[in-house]
Amino acid sequence: MSTVGFVLVAVLFCLKLLWNIAIPYALAARAFKSKPGQANGISLIPFVEIVLLLAAVVLSAFRSLAWPWSSAGVAFIGMAMIVASYVHMVVAGSLAGWIARWLRNRHVSGPPS
């Protein structure tokens, strides 16, 4: 039963990380489509990753497997994945936001005469 639970938690954890990776692109698309000064937001809910990671660590403790499936391995790899997803979010968000603003300004002003 712990294997099924672990796989379920791991899938949910990966889906949440995919959400983190998709956020900058969704915000950039909204920024391009929206009017200047119009506020848009997306909820991050960062505690979800921590809860899912803690559940995966607890479930991996019952399985008593070797690295990387041990509790320490799951905790280390899971934290690295969380940090990487947020670093990607910041870097990609900055780049995608800059590109969206540049495209919107270029689209609004039209081609040079």
Side-chain angles (χ1 to χ4, degrees):
M1 181 61 185
S2 66
T3 300
V4 172
F6 179 79
V7 169
L8 180 64
V9 169
V11 167
L12 291 173
F13 181 76
C14 289
L15 287 174
K16 177 59 171 97
L17 294 181
L18 286 174
W19 172 257
N20 289 354
I21 290 170
I23 285 175
Y25 308 108
L27 288 175
R30 283 186 183 181
F32 179 69
K33 294 175 186 175
S34 67
K35 297 175 182 154
Q38 183 181 3
N40 286 317
I42 292 179
S43 177
L44 297 178
I45 314 172
F47 73 90
V48 171
E49 295 107 344
I50 302 302
V51 169
L52 290 171
L53 181 59
L54 288 175
V57 168
V58 168
L59 289 172
S60 67
F62 291 117
R63 299 174 62 222
S64 49
L65 296 173
W67 179 270
W69 305 111
S70 65
S71 294
V74 169
F76 178 76
I77 292 170
M79 285 304 298
M81 291 171 69
I82 290 171
V83 169
S85 75
Y86 280 102
V87 167
H88 171 268
M89 187 186 311
V90 170
V91 172
S94 299
L95 290 173
W98 178 79
I99 291 169
R101 282 189 302 276
W102 179 75
L103 289 173
R104 185 179 59 220
N105 291 339
R106 186 175 172 171
H107 179 70
V108 169
S109 63
S113 318

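Because the structure is a prediction, the values reported are computed rather than measured.
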Atom pair CG/CG of Leu54 and Leu59 - distance to nearest 0.5 Å: 11.0 Å
Residues in side chain to side chain contact (heavy atoms under 4.5 Å, CB included) contact with Phe76, at least two apart in sequence or another chain: Trp67
Shared hydrophobic cluster, Leu53 / Leu18 (ILVMFWY, side-chain heavy atoms < 4.5 Å): no
Cluster overlap Val11 with Val57, hydrophobic side-chain contacts below 4.5 Å: no
Pairwise salt bridge (Lys or Arg N to Asp or Glu O under 4.0 Å) hits with a residue in residues 3-13, at least two apart: none
Remaining members of hydrophobic cluster (4.5 Å side-chain criterion), Val58: Phe62
Minimum heavy-atom distance Pro24-Ala96, with the two atoms named: O-CB, 4.0 Å
Inter- and intrachain pairs under salt bridge (Lys or Arg N to Asp or Glu O under 4.0 Å), touching residues 56-81, at least two apart: none
Trp69: partners by side chain to side chain contact (heavy atoms under 4.5 Å, CB included), with sequence neighbours left out: Phe6, Leu65
Residues that, via side-chain heavy atoms closer than 4.5 angstrom, fall in one hydrophobic cluster with Val90: none
Partners passing ring-ring contact (aromatic ring centres under 6.0 Å, His included) against Tyr25 (at least two apart in sequence or in another chain): His88
Pairs touching residues 71-88 that satisfy salt bridge (Lys or Arg N to Asp or Glu O under 4.0 Å), sequence neighbours left out: none
Backbone of Leu17 reached by a side-chain donor or acceptor of Ser85 within 3.5 Å: no
Anything under 3.5 Å between a donor and an acceptor, one on a side chain of residues 44-52, the other on a protein residue two or more places apart or in another chain? List them.
unit_1 : atom_1 : unit_2 : atom_2 : d
Glu49  : OE1    : Tyr86  : OH     : 3.3
Glu49  : OE2    : Lys16  : NZ     : 3.1
Glu49  : OE2    : Asn20  : ND2    : 2.6
Glu49  : OE2    : Tyr86  : OH     : 3.0

Under the side chain to side chain contact (heavy atoms under 4.5 Å, CB included) test, residues paired with Leu95 that sit two or more places apart: Val91
Verify same cluster id: Leu15, Val7 (apolar side-chain graph, 4.5 Å): yes
